[in-house]
Amino acid sequence: MAGFLDRAREQVQQGLNQGKQKLDDVQAQRAGNDLLKQLGAAYYAERRGSGTPDATQQALAALEAHIATHGDGFLRA
(Lines give C-alpha, C1' and ligand atoms only; values in the text may rest on other atoms or scores of the structure.)
Protein backbone atom coordinates (compact mmCIF):
# COMPACT_ATOMS: atom_id res chain seq x y z
CA MET A 1 0.00 0.00 0.00
CA ALA A 2 2.84 2.41 0.79
CA GLY A 3 4.33 1.84 -2.67
CA PHE A 4 1.01 2.72 -4.26
CA LEU A 5 0.77 5.94 -2.27
CA ASP A 6 4.34 6.86 -3.15
CA ARG A 7 3.65 6.36 -6.87
CA ALA A 8 0.42 8.33 -6.62
CA ARG A 9 2.21 11.17 -4.80
CA GLU A 10 4.92 11.18 -7.46
CA GLN A 11 2.37 11.37 -10.28
CA VAL A 12 0.57 14.23 -8.56
CA GLN A 13 3.87 16.07 -8.15
CA GLN A 14 4.69 15.55 -11.84
CA GLY A 15 1.27 16.89 -12.80
CA LEU A 16 1.75 19.95 -10.62
CA ASN A 17 5.19 20.59 -12.12
CA GLN A 18 3.83 20.28 -15.66
CA GLY A 19 0.97 22.63 -14.82
CA LYS A 20 3.36 25.20 -13.35
CA GLN A 21 5.60 24.98 -16.42
CA LYS A 22 2.63 25.50 -18.73
CA LEU A 23 1.48 28.49 -16.68
CA ASP A 24 4.98 29.99 -16.79
CA ASP A 25 5.08 29.51 -20.57
CA VAL A 26 1.71 31.20 -21.03
CA GLN A 27 2.72 34.12 -18.81
CA ALA A 28 6.00 34.56 -20.73
CA GLN A 29 4.10 34.49 -24.02
CA ARG A 30 1.65 37.13 -22.80
CA ALA A 31 4.49 39.32 -21.53
CA GLY A 32 6.23 39.02 -24.89
CA ASN A 33 3.06 39.95 -26.74
CA ASP A 34 2.61 42.96 -24.46
CA LEU A 35 6.19 44.09 -25.10
CA LEU A 36 5.70 43.68 -28.84
CA LYS A 37 2.53 45.77 -28.63
CA GLN A 38 4.39 48.46 -26.66
CA LEU A 39 7.12 48.54 -29.28
CA GLY A 40 4.55 49.00 -32.02
CA ALA A 41 2.84 51.79 -30.09
CA ALA A 42 6.16 53.55 -29.43
CA TYR A 43 7.15 53.31 -33.09
CA TYR A 44 3.77 54.56 -34.25
CA ALA A 45 3.93 57.50 -31.83
CA GLU A 46 7.45 58.32 -33.01
CA ARG A 47 6.40 58.27 -36.66
CA ARG A 48 3.40 60.51 -35.92
CA GLY A 49 5.60 63.00 -34.11
CA SER A 50 4.20 62.48 -30.62
CA GLY A 51 6.81 59.94 -29.53
CA THR A 52 10.56 59.91 -29.23
CA PRO A 53 13.25 57.67 -30.69
CA ASP A 54 14.39 57.03 -27.11
CA ALA A 55 11.00 55.55 -26.17
CA THR A 56 11.12 53.30 -29.22
CA GLN A 57 14.65 52.22 -28.37
CA GLN A 58 13.66 51.45 -24.76
CA ALA A 59 10.71 49.35 -25.93
CA LEU A 60 12.98 47.50 -28.36
CA ALA A 61 15.56 46.85 -25.62
CA ALA A 62 12.85 45.48 -23.29
CA LEU A 63 11.60 43.16 -26.05
CA GLU A 64 15.11 41.96 -26.85
CA ALA A 65 15.78 41.26 -23.16
CA HIS A 66 12.59 39.22 -22.97
CA ILE A 67 13.58 37.26 -26.08
CA ALA A 68 17.03 36.59 -24.63
CA THR A 69 15.44 35.18 -21.48
CA HIS A 70 12.39 33.35 -22.84
CA GLY A 71 13.08 32.85 -26.53
CA ASP A 72 11.10 34.13 -29.48
CA GLY A 73 8.42 31.43 -29.61
CA PHE A 74 5.68 33.96 -28.95
CA LEU A 75 6.48 35.63 -32.28
CA ARG A 76 5.38 32.50 -34.14
CA ALA A 77 2.21 31.85 -32.17
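Quick note: numbers below take in every heavy atom, side chains included, and nothing from hydrogens, waters or symmetry partners. Keep in mind it's a predicted model, so treat the numbers as computed, not measured.
Looking only at side-chain heavy atoms (C-beta outward), Gln38 and Leu35 come within less than 4.5 Å of each other.
Note on Lys20 versus Asp24: salt bridge recorded, some NZ/NE/NH1/NH2 to OD/OE distance being below 4.0 Å. Using a cut-off of 4.0 Å between Lys/Arg side-chain N and Asp/Glu carboxylate O, Asp6 and Arg9 are scored as salt-bridged.
Expressed to the nearest 0.5 Å, how far CG of Asp34 lies from CG of Leu39 amounts to 12.5 Å. Atom NZ of Lys22 sits about 6.5 Å away from atom CG of Asp25, to the nearest 0.5 Å. Considering CZ of Phe74 and CD1 of Ile67, their distance stands at 4.5 Å, rounded to 0.5 Å. Rounding to the nearest 0.5 Å places CD of Glu46 at 9.5 Å from CG of Asp54. Taken to the nearest 0.5 Å, the OG1 atom of Thr56 stands 10.0 Å off from the CZ atom of Arg47.
Evaluation of the side-chain contact (heavy atoms from CB on, under 4.5 Å) rule for Ala45 yields Ser50 as partners, not counting sequence neighbours.
Taking both residues in full, the closest heavy atoms of His66 and Ala28 are given as NE2-O, 3.0 Å, listed atom of the first, atom of the second, then distance.
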Query - salt bridge (charged side-chain N to carboxylate O under 4.0 Å, His left out) between Asp72 and Arg76, intermediate numbers included - result: CA-CA 8 Å; Asp72 64 355; Arg76 293 183 213 104; 2.7 Å; yes
